[in-house]
Amino acid sequence: MDRLELIEVAGNSYVVSGKYGIGVYLDRSSKTAVCIDSGPNAAVIEKVCSRISDRGYQILAVVHTHGHAVNHGGNLYLKKRFPNLRIYATHLASYIIENPHLEPLVFDAGGGSDAKPDQNKENARALVTDYLPSTDGIFHVDTIPFKIVSLPGHSPGMVGIITPDHVLYCGDALFGPKTLNKQDLLFFNDLKAAKRSFKKLSMMKLNAYVLYHGGPFKTVTGLINKHLSLMKDTSAFLEAWIHEQPSTLEQVVQKVMKKYEFEDDLHRYGLTTSIIRSYVKELQQENRIVAKVDNGLLIFSKPAATT
Ligand SMILES: O=c1ccn([C@@H]2O[C@H](COP(=O)(O)O)[C@@H](O)[C@H]2O)c(=O)[nH]1
């Protein structure tokens, strides 16, 4: 793993270099640091701790945007190193953070989970100490004021965190260009909520936006448009296929895995199934497809023509 650095985003707000955009807010008066999410495992967060202590700061708290394993895998390490650590999360996120065995409910369709097994084990007993509101508002870590912005879509109850420097840590409300170029199929568990979150983001005026998969950006309008266009393409593809060929969810997943030339592995299958479920739900909500049970099979098909 490359050496991780703290990159200044604005004022006292930083982001860790590398694959995971862990946020770090350095409070100069108290010499304490607040992390936004804690990375996938102990190895990553240990390096982040070293960069923070090189600057003479101690970690006081970690604030979670949502409860996916790659966002909270550093908690147990932090808790062991800083026994008075505060861990902030919404109620919804806390269920998964405290019970990592629940994560397969989100990512798994009977096979693999999004987290590697050791990430799950590692995090087994790092309990949330403080609940964040899942609606917009202000909360304090010690005396430092942060703002919460509700940004559901990728994960239920996901929130963004705004630091006193007006930097918004968006979690996975948006993905960066690297992720967008790698995968056309975007993980959102509620597409309508995701689009409302995009709209909210597009109306905000902040100094910078930090994406957990993508790092810091001055504006996110271009990224939002790219997300909307990829989502529209996926929806149109699924609608056209289901109109042509009434299908079960498994058949739709198979079609998509073939289209994107995904490897036959359990993790990819689970992720694809979760994503396709969200699209199929939206197509049903918009009456673009219908569902019926036929001989014990759930079949999606074209709605009957109205006269
Ligand atoms: O097909 C997919 C696969 C993954 N995602 C989301 O992207 C990020 C980053 O994934 P990496 O594989 O670690 O680069 C992760 O949060 C996945 O949920 C996706 O949207 N579509």
Side-chain angles (χ1 to χ4, degrees), residues 1-2 15-23 36-41 43-44 64-74 93 96-97 100 102-109 111-116 118-120 151-160 169-191 193-195 197-198 210-215 217 223-224 226-235 237-238 252-280 282:
M1 193 194 315
D2 294 341
V15 64
V16 172
S17 60
K19 186 170 177 195
Y20 303 102
I22 301 166
I36 297 145
D37 291 322
S38 65
N41 53 37
V44 169
H64 285 293
T65 55
H66 64 300
H68 288 169
V70 291
N71 300 76
H72 63 79
I96 303 187
I97 292 172
L102 293 179
E103 176 145 327
L105 292 178
V106 182
F107 285 110
D108 189 6
S113 112
D114 194 47
K116 303 220 166 44
D118 71 312
Q119 290 167 354
N120 275 343
L151 292 173
H154 172 75
S155 169
M158 199 177 79
V159 291
Y169 292 83
C170 305
D172 290 355
L174 289 173
F175 298 112
K178 218 170 165 183
T179 305
L180 295 178
N181 291 336
K182 194 172 78 173
Q183 50 222 13
D184 290 330
L185 204 59
L186 302 180
F187 189 97
F188 289 102
N189 92 310
D190 181 337
L191 295 169
K195 287 174 205 166
S197 294
F198 295 165
V210 178
L211 317 184
Y212 194 71
H213 298 282
F217 289 83
L223 282 176
I224 290 174
K226 175 84 177 148
H227 281 68
L228 289 171
S229 140
L230 286 173
M231 287 155 91
K232 200 171 165 195
D233 289 352
T234 304
S235 255
F237 171 76
L238 293 177
V252 180
V253 170
Q254 184 187 40
K255 180 77 188 165
V256 170
M257 291 196 55
K258 285 211 165 110
K259 172 180 163 68
Y260 293 115
E261 298 176 354
F262 290 158
E263 270 179 52
D264 275 340
D265 77 59
L266 289 170
H267 170 69
R268 175 53 76 182
Y269 179 82
L271 202 54
T272 307
T273 304
S274 296
I275 297 171
I276 296 308
R277 259 197 210 110
S278 311
Y279 279 93
V280 164
E282 192 193 43

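All ligand and atom numbering here is 1-based and tracks the order in the structure. What's counted below: heavy atoms across the whole structure, side chains too, no hydrogens, waters or symmetry copies. Numbering starts at 1 and runs along the sequence shown.
To the nearest 0.5 Å, atom NZ of residue Lys259 and atom OG1 of residue Thr272 are 13.0 Å apart. Considering CE of Met257 and CD1 of Ile276, their distance stands at 10.0 Å, rounded to 0.5 Å. Rounding to the nearest 0.5 Å gives a distance of 8.5 Å between CG of Leu180 and CG of Leu174.
If you look at Tyr212 next to ligand 1, there are no close heavy atoms at all, none under 4.0 Å. Neither the backbone nor the side chain of Val70 comes within contact range of ligand 1; no heavy atom lies under 4.0 Å.
At a 3.5 angstrom cut-off on N or O pairs, Thr179 does not count as close to ligand 1. Annotation: Leu271 places no N or O atom under 3.5 Å from an N or O atom of ligand 1; distance criterion only. Considering backbone and side-chain atoms together, Leu185 places an N or O closer than 3.5 Å to an N or O of ligand 1.
For atom 16 (O) of ligand 1, the nearest non-hydrogen atom from the set Lys19, His68, His267, His213 comes from His213. For atom 7 (O) of ligand 1, the choice among Gln183, His154, Lys182 with the nearest heavy atom turns out to be Gln183.
For ligand 1 and Asp172, the ligand atoms under 4.0 Å from any heavy atom of the residue are 16 (O). Taking every non-hydrogen atom of Phe187 and a distance limit under 4.0 Å, the qualifying atoms of ligand 1 come out as 18 (O), 19 (C), 20 (O), 21 (N). Shown in contact with Leu186 at under 4.0 Å from a heavy atom are these atoms of ligand 1, numbered in order with element: 20 (O). Here is the list of ligand 1 atoms found below 4.0 Å of a heavy atom in Arg268: 1 (O), 2 (C), 3 (C).
Tyr212 meets the ring-ring contact (aromatic ring centres under 6.0 Å, His included) test with Tyr20; sequence neighbours excluded. Taking the ring-ring contact (aromatic ring centres under 6.0 Å, His included) definition, one finds that Phe198 meets it with Phe188, His227, sequence neighbours left out.
Across His66 and Ile97, no two heavy atoms sit closer than the pair O-CD1, 4.3 Å. Looking at every heavy atom in both residues, Ser235 comes nearest to Glu282 through OG-OE1, 3.6 Å.
The shell of residues lying under 4.0 angstrom from ligand 1, judged by heavy atoms, excludes Lys178.
The neighbour count for Asp264 CG, taken as heavy atoms of other residues, nucleotides or ligands under 6.0 Å away, does not exceed 12.
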